[in-house]
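Report on the following structure.
Just the heavy atoms: all of them, side chains too, but no hydrogens, waters or symmetry mates, feed the values below. Please read these numbers as outputs of a predicted model, since none were measured by experiment.
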Amino acid sequence: MSSTASHRLVILTQSEINDLYNLPQFDDNDRRHYFEMGDAELQSTRLRRPSAGIFVALELGYFKAKKQFFSYEVADVSDDLNYLVKRYFFSLEVATLRLPSKPTRQVIRQSILSWTSYFDCDANAKLELMQKMQRTAAFSTQPLFILREALQHLANKRCVAPRYTTLQDLVGRAVASEGVRLTKLLVSHASASVMLHLDQLLEGDEAAMSISAVKREPKNFSWTELKSEVERRKVFEPLHEFAGSFLKLAGLSYESGKYFASLVKFYTLYKLQRMDKDMVRLYLKG
């Protein structure tokens, strides 16, 4: 797991973000497919002046492709406009075209949503999406898994996905909410000896089997290293047994356990020692 300077989760690569939100890059086959309009759609473009109607056709094709709306300049979409001129708008010249005004573009987009039976992700839709993410987080707290399930939920509901930063924030809230639930459960069900053992892992004494020792891999397969590994396993066996029972009690999947455990490797010992103790115990338990 990683985060940006603004503390948002880094969930997708830049390439994956571009795939979702960047302006479509059509080839000739794409243009023939996405800019093909039925009689009703074509008639709707002709209810406006051709110089506005062509942008209706353009936005409609882009929406069919990516279920998003985009900001662009005429120069960015000149190839697609040229195609539309040759296909439907014979009287126009791309060089003379100007983008519709902001209010006109908003009307165009609302019309497209109506034609396609989609809707914007308003406050109610975001609340429903947040509830979906929280249910998903109870199954797996992997941010990428939560995001993918959220995008599928939006597609099923025919809802336009909000900005990536909004999705990042919602996923972060879902993960944090699940973390709070689990830490409360851990505090109420872990014995005093288990809590003490977890806290001792953060003392920074390798000889005492600190978290630094847990993170260390055996150097080789020598007798000394193997013996040390066996001893470590004996020390951690009570924690392993508790972790197994806690996973069942909390309804956590194996993947969620792996995710929380991975945070121990992500953060330094110094950082872990300065984080909320109950949350760190949850990571260690994983």
Side-chain angles (χ1 to χ4, degrees), residues 1-4 6-13 16-17 19-21 63 66-69 113 116-190 194 198 239-240 242-267 275-286:
M1 185 204 72
S2 182
S3 62
T4 65
S6 62
H7 306 294
R8 287 190 173 109
L9 295 174
V10 177
I11 309 173
L12 299 177
T13 65
E16 290 169 328
I17 297 170
D19 285 343
L20 284 173
Y21 294 102
F63 190 82
K66 300 186 77 168
K67 303 301 183 289
Q68 280 288 333
F69 296 107
L113 290 175
T116 57
S117 299
Y118 268 76
F119 63 94
D120 278 320
C121 195
D122 58 15
N124 289 333
K126 287 176 184 175
L127 177 60
E128 184 178 344
L129 181 61
M130 185 68 230
Q131 292 168 343
K132 166 64 178 178
M133 287 183 173
Q134 288 175 328
R135 293 193 298 272
T136 303
F139 176 76
S140 172
T141 42
Q142 289 281 359
L144 181 58
F145 178 77
I146 296 173
L147 179 60
R148 285 175 173 167
E149 290 293 302
L151 291 173
Q152 186 59 55
H153 167 82
L154 291 170
N156 292 342
K157 294 289 185 177
R158 303 183 74 80
C159 180
V160 177
R163 293 180 302 175
Y164 177 58
T165 52
T166 300
L167 292 173
Q168 284 177 296
D169 290 341
L170 292 175
V171 172
R173 285 169 53 191
V175 172
S177 177
E178 179 65 3
V180 169
R181 180 185 78 87
L182 294 174
T183 53
K184 288 181 179 178
L185 200 60
L186 180 64
V187 169
S188 63
H189 286 81
V194 167
L198 291 172
L239 286 182
H240 177 73
F242 171 73
S245 63
F246 182 78
L247 287 173
K248 292 180 181 178
L249 173 70
L252 280 172
S253 67
Y254 175 68
E255 287 300 317
S256 282
K258 283 176 59 180
Y259 170 72
F260 283 119
S262 73
L263 299 181
V264 174
K265 294 185 177 181
F266 174 74
Y267 294 114
M275 293 170 63
D276 178 78
K277 181 173 285 189
D278 288 336
M279 186 62 71
V280 175
R281 286 167 172 165
L282 177 63
Y283 299 166
L284 294 172
K285 178 279 310 163

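Judged as a side chain to side chain donor-acceptor pair (under 3.5 Å), the pairs with a partner in residues 127-138 (not counting sequence neighbours) are, in order, E128-K157.
Considering CG of L144 and OG1 of T13, their distance stands at 9.5 Å, rounded to 0.5 Å. The structure places NZ of K126 at 7.5 Å from CG of L170, a figure rounded to the nearest 0.5 Å. Taking CG from L154 and CD from E149, the interatomic distance works out to 11.5 Å, rounded to the nearest 0.5 Å. The line from CG of L147 to CG of L20 is 7.5 Å long, rounded to the nearest 0.5 Å. Atom CG in N124 sits 9.5 Å away from atom CZ in F119 (nearest 0.5 Å).
Annotation for A137 and A174: closest pair CB-O, 3.9 Å, computed over non-hydrogen atoms. Scanning all heavy atoms of the two residues, the minimum distance from D120 to A125 falls at O-CB, 4.4 Å. Pairing each heavy atom of A161 with each of Y21, the nearest pair is CB-OH, 4.3 Å. Of all the heavy atoms in T165 and R8, the pair that sits closest is O-NE, 3.6 Å.
Under a 3.5 Å cut-off, the side chain of Q168 and the backbone N or O of I11 do not form any donor-acceptor pair. Checked by atom type and distance alone, the side chain of Y164 pairs as donor or acceptor with a backbone atom of L12 at under 3.5 Å.
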Would you sort out whether Q68 and V160 count as a side chain to side chain contact (heavy atoms under 4.5 Å, CB included), showing the intermediate values? CA-CA 6 Å; Q68 280 288 333; V160 177; 3.9 Å; yes
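The aromatic rings of F63 and F69 lie parallel to each other, their planes meeting at an angle below 30°, with 60° marking the opposite boundary.
Not counting sequence neighbours, the partners of Q152 by the side-chain hydrogen bond (donor to acceptor under 3.5 Å, both in side chains) test are N156. Listed by chain and residue number, L129, M133 satisfy the side-chain contact (heavy atoms from CB on, under 4.5 Å) test with A150 (two or more places apart in sequence, or in another chain).
Within 6.0 Å of CZ in R158 there are more than 12 heavy atoms belonging to other residues, nucleotides or ligands.
Using a 4.5 Å cut-off on side-chain heavy atoms (C-beta onward), I146 and S140 make no contact.
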